Number of protein chains: 2
Amino acid sequence: MTQRKVISFDTIRVACKNCSLSQLCLPMGLSPEDVERLDAIIKRSRPLHRGDHLFRGGERFRSLYVVKTGSVKTYAPSEEGGEQVLGFHLPGEIIGLDAIDKSCHACSAKVLETSAICEVPFQRFEELAASIPSLQHQMYRLLSKEIGQDADMLLLLGKKNAEERLAAFLTSMSSRLSRRGLSPTDFYLSMSRHEIGSYLGLAVETVSRLFTRFQEDGLLRVDRKHVEVLDLPALEMMAGSPPSNTHQQRSN
Amino acid sequence: MTQRKVISFDTIRVACKNCSLSQLCLPMGLSPEDVERLDAIIKRSRPLHRGDHLFRGGERFRSLYVVKTGSVKTYAPSEEGGEQVLGFHLPGEIIGLDAIDKSCHACSAKVLETSAICEVPFQRFEELAASIPSLQHQMYRLLSKEIGQDADMLLLLGKKNAEERLAAFLTSMSSRLSRRGLSPTDFYLSMSRHEIGSYLGLAVETVSRLFTRFQEDGLLRVDRKHVEVLDLPALEMMAGSPPSNTHQQRSN
DNA sequence: ATTGACGCTTGATGCATGTCAATCTGAGTT
DNA sequence: AACTCAGATTGACATGCATCAAGCGTCAAT
């Protein structure tokens with residue numbers, strides 16, 4: 001009994017200071033003592049499973065959530081059954097930032113595969129941030145980054161065609177996964193073709209055809225959810241301007 | 001000489017506490033003393049004119065900007081001359097939030113008509129916010145609100161057709177203007193058809209045809225930049241779910 | 001193994017919207 | 001007033017992608 005308790009405690013509770021994501025997450029740039037203080041307010045639940053909700057649209061906002069392992073999608077139930085996917089969230093990414101304003105969730109968040117999630121009670125976090133300037137700054141940066149990424153997405157949906165959209169989606173997945181230490185060219189997609197289409201503003205059929213075409217063109221090897229990127233530079237080129245941060249272009 | 005100086009001082013310098021936008025802007029919910037402290041760090045320049053830039057993509061980020069009167073567009077120069085309009089900013093709205101993350105502006109901001117703008121040096125603001133909890137909270141809310149609005153825009157670009165997009169644009173302008181005390185049904189658009197199209201992900205010609213059609217259908221009266229909304233409810237209906245916050249729909 | 005359900009793929013067709021081109025309008029400018 | 005020029009409108013046409021429809025692989029339950 002005592003034995004099991006110790007084991008499960010070790011398994012579930014990974015302190016921020018030992019978390020492999022701390023360089024991507026809230027603790028970035030904090031002193032060890034401040035990380036301890038942050039750590040103390042974070043709740044860690046048992047792993048969640050495919051289909052579980054972190055929250056649903058309309059619920060009161062209490063916490064932010066950080067993906068530790070696995071993946072989550074956020075979506076807005078649109079009129080009549082259909083749902084618009086708003087984003088996919090990989091380890092190290094924060095969910096719920098849009099709900100601070102109204103203290104109420106406008107969208108829902110559902111886990112796509114077995115995932116470990118950290119819960120950050122927002123009110124306590126806000127109090128803590130007020131006394132740790134670098135944490136406050138980090139929080140501003142995270143909110144700002146989200147806004148910047150949304151702007152990229154607006155550009156994608158406003159100006160790019162189907163091919164460019166899927167290429168951008170794949171290169172984005174690639175770079176986000178590699179930043180977390182995973183292969184940038186060999187990965188599993190945890191979301192369905194339908195969800196990818198919804199996210200990119202395309203029909204399922206279009207997504208499917210493009211996967212086929214990319215494979216025919218030697219850019220990818222695809223089997224179901226498994227993707228091997230064979231020609232990443234070509235995909236980045238196709239995706240448009242921001243391939244990664246490898247080459248800046250000077251504006252004059 | 002002394003006379004002129006006094007006059008221009010009165011004209012340009014409108015303290016936050018006397019600003020008609022204070023209920024929409026940063027001072028919201030602050031005590032009079034705290035408003036004074038905020039007021040002390042804000043820079044107010046002479047009016048800017050059509051075509052002037054607040055900042056350009058690539059420049060170092062130093063300040064946020066708040067539109068006091070007039071209007072501003074933000075845009076990203078896309079490859080080869082074309083520009084993607086990212087947003088239009090009306091009085092009370094804050095510009096530059098996306099640049100906090102990288103301390104560098106990713107987009108440019110250009111004023112569309114003669115405008116008065118408040119400049120908020122961000123570093124000093126951040127220091128101030130650390131010592132005024134309600135200001136810090138207000139800042140989180142503003143950042144969060146921006147993220148929520150971007151999500152609405154993603155939904156618009158991802159799922160809506162041309163008619164719904166223009167209807168959403170017009171109802172958004174209407175509600176934002178009316179919240180600032182202007183008529184919700186009679187206003188001037190400071191941006192060109194081309195800029196509207198870029199913002200909505202549509203060709204200029206499509207925008208123009210829709211204006212014509214809306215007028216034929218008795219929804220609007222349009223003359224050049226002057227718009228009179230004749231049937232606001234119909235436009236809101238056409239725009240999709242969020243007409244305004246007048247009627248909530250219960251989710252079950 | 002059989003069944004059914006679901007997600008994915010592939011083909012055929014139509015439409016909304018982009019593109020190209022011509023004309024029109026209004027605001028300056030000389 | 002005549003000229004100029006950018007923006008706006010309108011029409012004709014082309015096409016990318018959605019839609020509809022059918023078939024196929026995969027997995028879970030029985």
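Just so it is clear, the model here is predicted, and its values are computed rather than measured. Lettering of chains follows the sequences in order, A, B, ..., and the numbering in each one begins at 1.
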**OP:** Take atom CG of B:L210 and atom C1' of D:dA8, then tell me their distance rounded to the nearest Å.
**Re:** 14 Å

Subject >> All salt bridge (Lys or Arg N to Asp or Glu O under 4.0 Å) counterparts of A:R221, not counting sequence neighbours >> reply: A:E228

Subject >> Atom pair distance, as rounded to whole Å: NE2 in A:H194 and C1' in D:dA18 >> reply: 13 Å

**OP:** Using atom CZ of B:R213 as one end and atom P of D:dT10 as the other, report the distance to the nearest whole Å.
**Re:** 13 Å

Subject >> Axis bend over the full length of the helix from C:dA1-D:dT30 to C:dT30-D:dA1, computed from five pairs that close each end, to 10 degrees >> reply: 40°

Subject >> All salt bridge (Lys or Arg N to Asp or Glu O under 4.0 Å) counterparts of B:E163, not counting sequence neighbours >> reply: B:R213

Original post:
Using a distance-only test with no angle check, is there a side-chain donor-acceptor pair under 3.5 angstrom linking A:T171 and A:E236?
Top reply: no

Original post:
Could you state the CG-P distance from B:L166 to C:dT17, rounded to the nearest angstrom?
Top reply: 12 Å

Original post:
Does any pair with a residue in residues 48-58 of chain B pass salt bridge (charged side-chain N to carboxylate O under 4.0 Å, His left out), and if so which ones, sequence neighbours excluded?
Top reply: none

Original post:
Looking at residues at least two apart in the chain, or sitting in another chain, which of them share a side-chain hydrogen bond (donor to acceptor under 3.5 Å, both in side chains) with A:T212?
Top reply: none

**OP:** Please name all residues satisfying salt bridge (Lys or Arg N to Asp or Glu O under 4.0 Å) with B:R180, sequence neighbours left out, ordered by chain then number.
**Re:** B:E93

Original post:
For B:D223, what residues pass the side chain to side chain contact (heavy atoms under 4.5 Å, CB included) criterion, not counting sequence neighbours?
Top reply: none

**OP:** Check side-chain hydrogen bond (donor to acceptor under 3.5 Å, both in side chains) between A:S198 and all other residues, then give those that pass, not counting sequence neighbours.
**Re:** none

Original post:
Rounding to a whole Å, what distance do you find between B:K225:NZ and C:dA27:P?
Top reply: 11 Å

Subject >> Integer-rounded Å distance: D:dT9 P and B:E216 CD >> reply: 12 Å

N/O donor-acceptor pairs under 3.5 Å from side chains in residues 182-189 of chain B, not counting sequence neighbours:
unit_1	atom_1	unit_2	atom_2	d
B:S183	OG	B:T185	N	3.1
B:S183	OG	B:T185	OG1	3.3
B:S183	OG	B:D186	N	3.0
B:D186	OD1	B:H226	NE2	2.8

**OP:** Please tell me which of the listed nucleotides, C:dG18, C:dC8, D:dT9, lies nearest to the side chain of B:R193?
**Re:** D:dT9

**OP:** Could you check how far CG of A:L200 sits from P of D:dA18, rounded to whole Å?
**Re:** 10 Å

**OP:** Describe the nucleic acid contact of A:G197 in one word from base, sugar-phosphate, nothing, applying a heavy-atom distance below 4.0 Å.
**Re:** nothing

**OP:** Could you tell me the separation between the CD1 atom of B:I196 and the C1' atom of D:dT9, rounded to a whole number of Å?
**Re:** 14 Å

Subject >> B/S/- contact track for nucleotides 10-16 of chain C, protein heavy atom under 4.0 Å >> reply: BBB----

Original post:
How would you list all residue pairs meeting salt bridge (charged side-chain N to carboxylate O under 4.0 Å, His left out) that involve residues 187-201 of chain A, not counting sequence neighbours?
Top reply: A:K73-A:E195

Subject >> Pair B:H53-B:S108, side-chain hydrogen bond (donor to acceptor under 3.5 Å, both in side chains): steps then yes or no >> reply: CA-CA 7 Å; B:H53 274 84; B:S108 305; 4.9 Å; no

Just the atom pairs and distances: protein N or O near nucleotides 24-29 of chain D's N or O, under 3.5 Å.
none

